Asker: 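A single structure is presented below for examination.
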Protein chains: 2
Amino acid sequence: MNPIGPAVKKPATLDDVAAIAGVSAKTVSRVVNRNANVSAATRERIEAAIRETGYRVNQAARSLAASRSFLIGAFMPHLSSFYFAEIFRGAAKACRQYGYHLVLEEFDHGADSVVDRYEQGLRGAHCDALILTPPVCDDEKLLDALDRDGLPYVRIAPGEQLGRSVAVGADERRAVEQLVTHLWDGGRRRFAIIAGPADHAAAMVRERAFCNALGALGGDPAGVALARIELNESIAEAGRIATLDLLRDVGQLPDAIFAFNDEVAIGAMAGIRELGRSIPEDIAVAGFDDSYIAQLVWPPLTTIHQPIADLAFQAVRLVADPEGFSTGNILLPTSLVVRGTT
Amino acid sequence: MNPIGPAVKKPATLDDVAAIAGVSAKTVSRVVNRNANVSAATRERIEAAIRETGYRVNQAARSLAASRSFLIGAFMPHLSSFYFAEIFRGAAKACRQYGYHLVLEEFDHGADSVVDRYEQGLRGAHCDALILTPPVCDDEKLLDALDRDGLPYVRIAPGEQLGRSVAVGADERRAVEQLVTHLWDGGRRRFAIIAGPADHAAAMVRERAFCNALGALGGDPAGVALARIELNESIAEAGRIATLDLLRDVGQLPDAIFAFNDEVAIGAMAGIRELGRSIPEDIAVAGFDDSYIAQLVWPPLTTIHQPIADLAFQAVRLVADPEGFSTGNILLPTSLVVRGTT
DNA sequence: TTTTTCATTGTCAGCGCTGACATGATTAGA
DNA sequence: TCTAATCATGTCAGCGCTGACAATGAAAAA
């Protein structure tokens, strides 16, 4: 293998291909870019020459000339490796389909300011667009910076300022209402929420939706106990700690807990067990996301399914598909998945 | 927000900065690239001008001129979203540190040939180097293609042809030996392996290490039952199915199971319970990776810890750090983490 | 003082590609 | 038949940057 440095073998250029095919570089460019108005015969000749030389577009040159990078950027916050992997899956699939590449930047919640990470990192990658997931999709300073730079972005599940950009979301509210009804019908009356980080606007919306739905059923929204997790290395561990704190401080134990996501829910389950309570008899638990670990724990976790990969796919499509932008916002369906914890 | 297209606001160029600072573009370039031999006064003037204009390097232009893209590519196979997230974390951190960006390409085990995915995807991104994880790091056809293109790569945990490239690995063998000893000392005598995909060479090496260690202790390597998972949507589910098959077919039930990774181990636990056996009394279970779910299941999973993020960090460092390549291969430590399943 | 050295800065071509525009070859329309 | 429209292809500048080399001037050595 070769150390990094000037390419070992000089790759073929448009001119090389053009020389072999006996045409101008521009015509080869037309073929490569699938432009119309190239005769079938010429096209075939050029395609043969491309095969012969193993020609690949030089993205740098193309970017420079066309002022496009064919790169789509995203921040990947550390809230759930499942969520992360799914977002990646959907986005990568769409990128492949539309001829883009994905540039991913890590974003450590506690440590960094997203704007700094953008200024010092992703901005330098000169992406054509950004895909923003919670919580960065609600960071106003970041959005201001992007608007300032004229960098297009699509937000996934924004909690606030829905009109500020094109966005892709899941119908979380409806599933939350179903969940509340499900819990209520199961006889649960004392509720607690193990909430996500305060800057995760979509989660805040979920919390409100939960309380509203409860009120609609005749419950007492004000009586819902709430503990917010403190981010640390493991979000499940954060959920366990928050749950223990909540269960210790609260006067009467809740009989149902709604967690920020499945990992937090699983942490909550551990905390509940530590206090000698059983699930679901004493306390029901529900998560969010329907990640695959939801099925692996015991009892299997009741949760809300949302099409995470598809969300990301649609987000990329909106920026990468020439038709996309006119389409406007997208709302995908969610569903309540009842399993053993409720 | 803006639709994709020609940049809305024209970003500042080297020439803009140079004009303001009253120097040549080349001198600005020197400052940007931290070259020596620029006087302190000039440097300061230029840095002020850079701040004033909000100048950012245009990577496309830089790449074109310097024949480097400052991009590092990687394939992300779907074996474990935990493994994936950790690899990403380490690689992203290193990229940030060394001024590179990460281009990630999805790779769906069952469906694609890696070489095709390289030819049609990553190759077009013109990365400066690739980071390869199992199982693609052992795909000879891919390595041949990379060598042909003169594209440098670092392999993480290669199972075969260790000398073929610079590589970063974990000392898996040693931890496997510790595990076997631990199981043996616990009185276990009938072993089974729920193995990973056949093209995952590192896992194959682990299997052999397991059998060898068993032989060294006086056990019967030939008596180890083996079931290989069939990849499907959920690797845990694949583990559950493989385990059920194995337990049904085998004459006498094993009293210890070593799984390809933690997710497979958790699937195995589910399968064992379905057959009405208890863990660890009837059957001990051990995983691999020490992912965070290992602590979340009940009983908590005994597993082998490997520094996945660090592996990826070192891999990127090898290609991105000018000093890196001379360093040669790297072997990181692993450790046995004994929990409740053994 | 004169020559040499070397740190600092500048000049310029060209990386590979595409957009704007020009040209030549066909075909359709009058 | 002649003109206009359309298609197929070519020409060329220049995107923003860096590498190779040149020039400048001040300090060091002779």
Side-chain angles (χ1 to χ4, degrees), chain A residues 4-7 9-47 49-50 53-71 99 123-126 128, chain B residues 4-7 9-47 49-50 53-71 99 123-126 128:
Chain A
I4 281 204
K9 209 173 297 175
K10 248 185 168 339
T13 70
L14 277 187
D15 280 324
D16 298 333
V17 177
I20 291 181
V23 295
S24 75
K26 181 67 208 189
T27 303
V28 179
S29 167
R30 289 193 176 97
V31 170
V32 170
N33 292 290
R34 293 177 170 58
N35 285 2
N37 298 339
V38 177
S39 72
T42 313
R43 180 183 305 277
E44 267 170 41
R45 206 143 33 85
I46 291 175
E47 277 167 355
I50 288 177
T53 54
Y55 170 79
R56 290 272 126 178
V57 180
N58 179 323
Q59 285 291 354
R62 189 214 288 250
S63 299
L64 188 58
S67 340
R68 308 226 262 138
S69 67
F70 299 92
L71 256 26
R123 187 174 170 216
H126 290 268
D128 287 340
Chain B
I4 282 203
K9 209 172 296 175
K10 248 188 168 337
T13 70
L14 276 187
D15 279 324
D16 298 334
V17 177
I20 291 182
V23 294
S24 76
K26 181 68 210 190
T27 302
V28 179
S29 167
R30 289 193 176 96
V31 169
V32 170
N33 290 289
R34 291 174 171 60
N35 284 3
N37 299 339
V38 177
S39 72
T42 312
R43 179 182 306 278
E44 268 170 39
R45 207 144 32 86
I46 291 175
E47 278 167 355
I50 289 177
T53 54
Y55 172 79
R56 291 269 124 181
V57 180
N58 179 324
Q59 284 291 354
R62 191 214 285 250
S63 299
L64 187 57
S67 336
R68 308 226 262 139
S69 67
F70 300 91
L71 255 28
R123 187 174 169 215
H126 290 268
D128 287 340

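Letters go in sequence order (proteins before strands), and every chain restarts at 1. Quick caveat: nothing in here was measured; it's all calculated off a predicted structure.
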Asker: Got a sec, which residues hit side-chain contact (heavy atoms from CB on, under 4.5 Å) with A12(B), two or more places apart in sequence or on another chain?
Answerer: D16(B), T53(B), Y55(B)

Asker: If you compare all heavy atoms of A25(B) against all heavy atoms of D15(B), which two are closest, and at what distance to 0.1 Å?
Answerer: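 Where A25(B) meets D15(B) most closely, the heavy atoms are CB-OD1, 3.4 Å.
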
Asker: Does the protein touch nucleotides 24-29 of chain C at the base, only the backbone, or not at all? Give it as B, S and - per nucleotide, heavy atoms under 4.0 Å.
Answerer: ------

Asker: Applying side-chain contact (heavy atoms from CB on, under 4.5 Å), name anything that partners R30(B), two or more places apart in sequence or on another chain.
Answerer: K26(B), T27(B), N35(B), V38(B)

Asker: State, with a plain yes or no, whether a side-chain heavy atom of T13(B) is found less than 4.5 Å away from one of N58(B).
Answerer: no

Asker: Less than 4.5 Å apart, any side-chain heavy atom of V32(A) and any of I50(A)?
Answerer: yes

Asker: Which nucleotide of DNA chain D is the first, and which the last, in the 5' to 3' direction, to come under 4.0 Å of a heavy atom belonging to chain A?
Answerer: dA8(D) to dG16(D)

Asker: Excluding sequence neighbours, so at least two apart, what forms side chain to side chain donor-acceptor pair (under 3.5 Å) with S63(A)?
Answerer: none

Asker: Going by the rule side-chain contact (heavy atoms from CB on, under 4.5 Å), which residues pair with E44(A) if we only count those two or more places apart in sequence or in a different chain?
Answerer: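 E44(A) satisfies side-chain contact (heavy atoms from CB on, under 4.5 Å) with no other residue.
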
Asker: Pull out every residue in residues 27-35 of chain A that has a heavy atom closer than 4.0 Å to any atom of DNA chain D, ordered by number, or say none.
Answerer: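 DNA chain D contact set from residues 27-35 of chain A: T27(A), R30(A).
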
Asker: Is any side-chain heavy atom of N33(A) closer than 4.5 Å to a side-chain heavy atom of R62(A)?
Answerer: yes

Asker: Can you list, by residue number, the residues of residues 37-45 of chain A that have a non-hydrogen atom closer than 4.0 angstrom to DNA chain C?
Answerer: none

Asker: Do any of residues 12-23 of chain B sit with a heavy atom less than 4.0 Å from DNA chain D, and if so which?
Answerer: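 Those residues are T13(B), L14(B).
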
Asker: Would you please name every residue forming a side-chain contact (heavy atoms from CB on, under 4.5 Å) with A49(A), sequence neighbours left out?
Answerer: V17(A), I20(A), A21(A)

Asker: Quick one: closest heavy-atom pair of S29(A) and L14(A), and the distance?
Answerer: CB-CD1, 3.8 Å

Asker: Do you know the tightest heavy-atom contact between D128(A) and S69(A)?
Answerer: OD1-N, 2.8 Å

Asker: Give the angle between the helix axes at the two ends of the helix from dT1(C)-dA30(D) to dA30(C)-dT1(D), taking five base pairs at each end and rounding to 10°.
Answerer: 30°

Asker: Identify the heavy atoms of A60(B) and L64(A) that sit nearest to each other, and give their distance.
Answerer: CB-N, 3.8 Å

